[in-house]
2 protein chains.
Amino acid sequence: MAGKRTYNVERFFQALGDNTRLRLLNLIGDQEVCVCYFVEILGGPQPKISRHLAYLRSAGIVQARREGKWMHYRIVMPPHIGATQVLRQTLEWLRKEKQMQADRVRLTKACCASAKYASLDGAPLPAPVAASCEVC
Amino acid sequence: MAGKRTYNVERFFQALGDNTRLRLLNLIGDQEVCVCYFVEILGGPQPKISRHLAYLRSAGIVQARREGKWMHYRIVMPPHIGATQVLRQTLEWLRKEKQMQADRVRLTKACCASAKYASLDGAPLPAPVAASCEVC
DNA sequence: TCCTTACATACGCTAAAGCGACTATATGTG
DNA sequence: CACATATAGTCGCTTTAGCGTATGTAAGGA
């Protein structure tokens, strides 16, 4: 243990400095969400989503887990208490933004009626949402 | 009042995504600090400091006030409660970072012995520091 | 084994950021 | 008015970011 490197604050905030990435983080929240939902909700080309997820991964803000064909993303709280606080606050802030709320509504609807979305047919539900979705 | 535009979250975080700007914000803290101190503490060419301050201004994170030859910068809390919380948390986080602490120590020393710094001779002291500086 | 699905990565481009060096502006001073 | 000081803005350049398009890859199904 020669000395743990200081957390990259700059990189952390850079990762938050893009609206697509903020929307992704907002959609994930405290769940574990499959990429196909991001593509469905945010629209646009899939590689765009993938690249932003890669950016968030490289900044250490999210982690991916493979489950068969699907990739699930979740937010990992930083090893730094300060960063954790800021990240939590940020997520709370996003919750109050109009566009972010709309996104979340669409995610809920999508995962409760995934059969209706051709692109989501058979897609794995977001983890905690599956248990607590009040609409289903 | 047609409807207030949503606060630019993206821009907010972009402004925090640079180490020089983070150091500036850390030096300002809850005070009002003269540019000459930034130049003295951070080193490097003065235009660099000025440009970063301009960026922070354009993002609405700081405000400048002229007093004779000198410009004083202070942090302005965003009109958005969420942003305010995040900004406060961020400043607290910075306080715990080693480099940031070192910067603050140097600021304190500089303003308590401004006569010793040729470039700071006669420079106005940071506002609240002048009253609460325990070293002077 | 071949094909599809779900996702990631590479490529070429444009736009924005950051930097150093220079110039401009505003205020105070002699 | 001439000049020094404090700070801001401009210019040319390099780097990074973001985008769309095309391609690569890993897993599952036929």
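Because the structure is a prediction, the values reported are computed rather than measured. Each chain gets a letter, A, B and so on, in the order its sequence line appears, and its residues count up from 1.
When the C1' atom of C/dC22 is taken as reference, atom NZ of B/Lys48 falls 18 Å away, rounded to whole Å. In this structure, the CG atom of B/Leu56 is 14 Å from the C1' atom of C/dA17, given to the nearest Å. Taking atom CH2 of A/Trp70 as the reference point, atom P of D/dG28 lies 9 Å away to the nearest angstrom. Nucleotide C/dA8 holds its C1' atom 9 Å from the CE atom of A/Met71, rounded to whole Å. Rounded to a whole Å, the CZ atom of A/Arg65 is 14 Å from the P atom of D/dA27. Here the C1' atom of nucleotide D/dA17 and the CZ atom of A/Phe13 are 19 Å apart, to the nearest Å. For the pair B/Arg66 CZ and D/dT5 P, the interatomic distance rounds to 17 Å; values are reported in whole Å. The interatomic distance linking A/Glu40 (CD) with C/dT5 (P) rounds to 16 Å, in whole Å.
Nearest nucleotide to the B/Arg57 side chain, out of C/dG20, D/dA8, D/dG18: D/dA8.
Using a 30° and 60° split on the angle between ring planes, B/Trp93 and A/Phe13 fall in the tilted class, from 30° to 60°.
A salt bridge links B/Glu67 to B/Arg65: at least one charged side-chain nitrogen sits closer than 4.0 Å to a carboxylate oxygen.
Using a 4.0 Å heavy-atom cutoff across all strands shown, B/Phe38 reaches no nucleic acid atom at all.
The shortest non-hydrogen separation linking B/Pro78 to B/Tyr7 is CB-OH, 3.6 Å.
At a cut-off of 3.5 angstrom, the base of C/dA17 holds no donor-acceptor pair with the side chain of B/Gln14. Checked by distance alone, A/Gln46 brings no side-chain donor or acceptor within 3.5 Å of a matching partner on the base of C/dA6. In terms of polar N and O atoms assigned as donor or acceptor, the side chain of B/Arg51 comes within less than 3.5 Å of the base of C/dG20 in a complementary pairing.
Contact check, A/His52 against D/dA17: no side-chain N or O comes under 4.0 Å of OP1 or OP2. Taking 4.0 angstrom as the limit, A/Tyr73 places none of its side-chain polar atoms (N or O) nearer than this to OP1 or OP2 of C/dA6. Note on B/Tyr55: every side-chain N or O is 4.0 Å or more away from OP1 and OP2 of C/dA16.
Comparing B/Arg11 and A/Lys69, the nucleotide of DNA chain C nearest to each residue sits closer to the 5' end for A/Lys69. Nearer the 5' end of DNA chain D, as judged by each residue's closest nucleotide, is the contact made by B/Pro47, out of B/Pro47 and A/Gly68.
For the pair A/Arg74 and A/Gln31, the minimum side-chain heavy-atom distance is 4.5 Å or more.
Cation-pi check for B/Arg11 over B/Tyr55 is met; the charged atom lies under 6.0 angstrom from the ring centroid and within 45 degrees of its normal.
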